[in-house]
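Single-structure report; data block below.
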Amino acid sequence: MESLSVDEQQAASSSSTSPSAPDTRPTSISPQKRRRVEDSTNAAPHASLLKRMGGPSAGKAGLALDQAEINRRIYEASKGSKYFENERRNDERITRKVEAMLARMDERLRAVPEGGPEWLAIEKKADALASKLESTRDLSRHIVHCDMDQFYGAVELKRDPSLKGKAFGVGKGVLVTASYEARAYGCRSGMATYIAEALCPHLITVPNDMQAYVAASQDVMSIFRRFDSNLAQASLDEAYLDVTDHCRINGVGVDDTIAELRRQVREETGLTVSVGVAPNTMLAKIGSDKNKPDGQFRLEATASDCIDFMHALPVRKVPGVGRVTERILQALGVETCGDIWRLRVRIALVLGDGDLEWLLRYNLGIASSIVEPGKREERKSVGREHTFQPTNDPERLLELLRESADRVAEDLKKLDFVGKRVTLTCKAADFQRFTRDQTQTGYVSQADDIFRITRTLLEHELKIQPGLSLRLIGARVSTLKDVR
DNA sequence: TACATACAC
DNA sequence: TATGGTGTATGTA
């Protein structure tokens, strides 16, 4: 199909918006509606906190049990802890931010009445921006996102087949992954182990073994490289590939190519991978989730398929949209990527042109089609941090800082980098984080230098906040120079 | 430049 | 009893 012009999309959008469906109407906010928005905002702290306590990954995936019930149980199990109090503070801060934004929206909407000349001018500008974005759309590549299925868990299953079919999690204080059986109970990566056990009393936990995951990752990546030697590894268990050339050279269709890739991974490693194929990295990444686990999904390479694919997609599913952005967009009335088009003038008014641009990209399904490995020279920083039993003993804190400084120096040496900026990272016993940094006149890389600088920063903090108790400390070096 | 926040995995 | 570590990008003053 020909690429859909923005005007055509606009027409499609307004025709699908029935005037008798008030909830989907574009919108000046009537007094009644306004009150409803405020009420839901005032009611929000509790609701949003409940949801927040579900953890950052709870919103990304669907669930077997009722998520509201799970959130309630997490909330009950967490209540009263220092971590919980910190989450509550953060949630309140975001609530205030959203309220301020809604007030700004009210003000702007009064100043720029819907359908007035100024409104229409903004609409015209937004449409021009969409046309410009549309003209950059690249449909010529088969971009692939490979995502290993419950990767750490799958490696553990290989080691101990008796875990098969059981609810288990990997990790000590915090789960780094949960088996599909455990996920059905609401257990998630990033969740405190004791919360996961409260949700799933028969949960089995196994310690994590990074060495094994790195080794398994190397095996899998070397199989991926047969299909694109220039792949971009995104993490231990994810990679982007451009298989356009591979398909052309071998005269094989892309679906068969991906089926073959998956077969090789399964046969050679015993692990399964889910794959998305699309014209760009964003669509491929979203696609790899569609037929998970052990499945593949391909999006047709036409503009209208890309736009249709995004239309009903909740914005939260877009990579880069997390819990906070989700709340901001929700307050504006944006739940799905399709809503972005309908609300583009409001978005421009309240969030500005910069934010409108990336949101229009989501709406249109436009993103980069370039896949290349991360380059050494793009490295920005090297750091180490660790958590311990909270203490306010200065001697002990300096000891712990020394460990971080030593490890950073070790890594810098291994990687052949030196850096100009040295950062001290702290997390207080109440979970509030802060950083202090100092740019040096020359480059540093030695443990003694990193320790001396961060130590001065820490001692200063201890002086101005007497009795400060910390639960985490770390050091980081940035503004790097490659000395390889 | 210094610091905080948001996000991914 | 009890909630991780590493890195990037971006906004603000």
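In what follows, every chain begins at residue 1, and chains take the letters A, B, ... in the order their sequences are listed.
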> Asp437(A) side chain: which of dT8(C), dC9(B), dA2(B) is closest?
Replying inline: dA2(B)
> Considering only heavy atoms from C-beta outward, does the side chain of Asp411(A) approach that of Phe417(A) to under 4.5 Å?
Replying inline: no
> What's the closest nucleotide to the Ala192(A) side chain, out of dT3(C), dT1(B), dG7(C)?
Replying inline: dT3(C)
> Between atom OH in Tyr75(A) and atom C1' in dA2(C), what is the gap in whole Å?
Replying inline: 18 Å
> Which part of the nucleic acid does Val176(A) contact within heavy-atom distance under 4.0 Å: base, sugar-phosphate only, or nothing?
Replying inline: nothing
> Among dG7(C), dT3(C), dA6(B), which is the nearest nucleotide to the side chain of Val324(A)?
Replying inline: dA6(B)
>> Side-chain N or O of Ser189(A) versus OP1/OP2 of dC9(B): is the shortest distance under 4.0 Å?
In response: no
>> Rounding to an integer number of Å, can you tell me how far Tyr152(A) OH sits from dC9(B) P?
In response: 12 Å
> Contact class for Phe84(A) (heavy atom, under 4.0 Å): base, sugar-phosphate, or nothing?
Replying inline: nothing
> Taking the side chain as C-beta and beyond, is there a heavy-atom pair between Val477(A) and Ser381(A) under 4.5 Å?
Replying inline: no
> Side chain of Ile195(A): nearest nucleotide among dC3(B), dG7(C), dT3(C)?
Replying inline: dT3(C)
>> Please tell me if Ser381(A) has a side-chain N or O lying less than 4.0 Å from either OP1 or OP2 of dT8(C).
In response: yes
> Counting only distance, no hydrogens or angles, is the base of dT3(C) paired donor-acceptor with the side chain of Ser78(A) under 3.5 Å?
Replying inline: yes
>> Whether Glu76(A) and Lys79(A) form a salt bridge (side-chain N of Lys/Arg under 4.0 Å from carboxylate O of Asp/Glu) is what I want to check.
In response: yes
>> Quick check on DNA chain B: between Thr435(A) and Ser235(A), whose nearest nucleotide comes earlier from the 5' end?
In response: Thr435(A)
> When you measure from the side chain of Val174(A), which nucleotide among dT3(C), dA8(B), dC9(B) comes out closest?
Replying inline: dT3(C)
>> So, OP1 or OP2 of dT6(C): does either fall under 4.0 Å of a side-chain N or O from Arg407(A)?
In response: no
>> Check this one for me: any side-chain N or O of Arg384(A) less than 4.0 Å away from OP1 or OP2 of dT6(C)?
In response: yes
>> Below the 4.0 Å mark, does dA6(B) have OP1 or OP2 next to a side-chain nitrogen or oxygen of Lys97(A)?
In response: yes
> If only side-chain N and O atoms of Arg433(A) are considered, is one of them under 4.0 Å from the OP1 or OP2 phosphate oxygen of dT5(B)?
Replying inline: no
>> What's Glu87(A) touching, base or sugar-phosphate or nothing? Going by heavy atoms closer than 4.0 Å.
In response: nothing
>> Please report the distance, rounded to the nearest Å, between CG in Leu457(A) and C1' in dT1(B).
In response: 13 Å
>> What's the closest nucleotide to the side chain of Tyr194(A) if the choices are dA8(B), dG5(C), dT3(C)?
In response: dT3(C)
>> If you count every heavy atom of other residues, nucleotides or ligands that lies below 6.0 Å from Lys427(A) atom NZ, does the total exceed 12?
In response: yes
> For the pair made of CZ in Arg323(A) and P in dC7(B), what is the distance, rounded to whole Å?
Replying inline: 8 Å
>> Reading DNA chain B from 5' onward, which residue's closest nucleotide shows up sooner: Arg421(A) or His145(A)?
In response: Arg421(A)
> Do Thr387(A) and Arg471(A) have side-chain N/O donor and acceptor atoms under 3.5 Å apart?
Replying inline: no
> Any side-chain N or O of Lys380(A) less than 4.0 Å from the OP1 or OP2 oxygen of dA9(C)?
Replying inline: yes
> Can we say Arg52(A) and Glu326(A) salt-bridge, meaning some charged N sits less than 4.0 Å from an Asp/Glu carboxylate O?
Replying inline: no
>> Please tell me if Lys285(A) has a side-chain N or O lying less than 4.0 Å from either OP1 or OP2 of dC9(B).
In response: yes
>> Strictly by Watson-Crick or wobble contacts shorter than 3.5 Å, is anything paired with dA2(C), and which nucleotide is it?
In response: none
> Below 4.0 angstrom from OP1 or OP2 of dA6(B), is there any side-chain N or O of Arg93(A)?
Replying inline: yes
> In whole Å, what separates the C1' atom of dC7(B) from that of dG4(C)?
Replying inline: 16 Å
>> For a quick test of reading the model: is some side-chain N or O of Thr423(A) closer than 4.0 Å to OP1 or OP2 of dA2(B)?
In response: no
> Nearest-Å distance, CD (Glu461(A)) to P (dC3(B))?
Replying inline: 8 Å
> Between Arg379(A) and Gln389(A), which has a closest nucleotide on DNA chain C that is more 5'?
Replying inline: Gln389(A)
> For Phe431(A) and dG4(C), what is the distance between atoms CZ and C1' respectively, to the nearest whole Å?
Replying inline: 10 Å
> Would Lys164(A) and Glu181(A) pass as an ion pair if we require N to O under 4.0 Å?
Replying inline: no
>> If the cut-off is 4.0 Å, is Lys172(A) near the phosphate of dA2(C), judged by side-chain N/O to OP1 or OP2?
In response: no
> Who is the Watson-Crick or G-U wobble partner of dT5(B), with both distances under 3.5 Å?
Replying inline: dA9(C)
> Relative to the ring of Tyr75(A), is the ring of Phe84(A) parallel (under 30°), tilted (30 to 60°) or perpendicular (over 60°)?
Replying inline: perpendicular
> Ile473(A) has an atom CD1; how far is it from atom C1' of dG5(C), in whole Å?
Replying inline: 15 Å
>> Can you identify which nucleotide, out of dG4(C), dC9(B), dA4(B), has its nearest atom closest to the Asp237(A) side chain?
In response: dC9(B)
> To the nearest angstrom, how far is Phe434(A) atom CZ from dC3(B) atom C1'?
Replying inline: 12 Å
>> Under 4.0 Å, heavy atoms only, any strand: does Ser81(A) hit a base, just the sugar-phosphate, or nothing?
In response: base
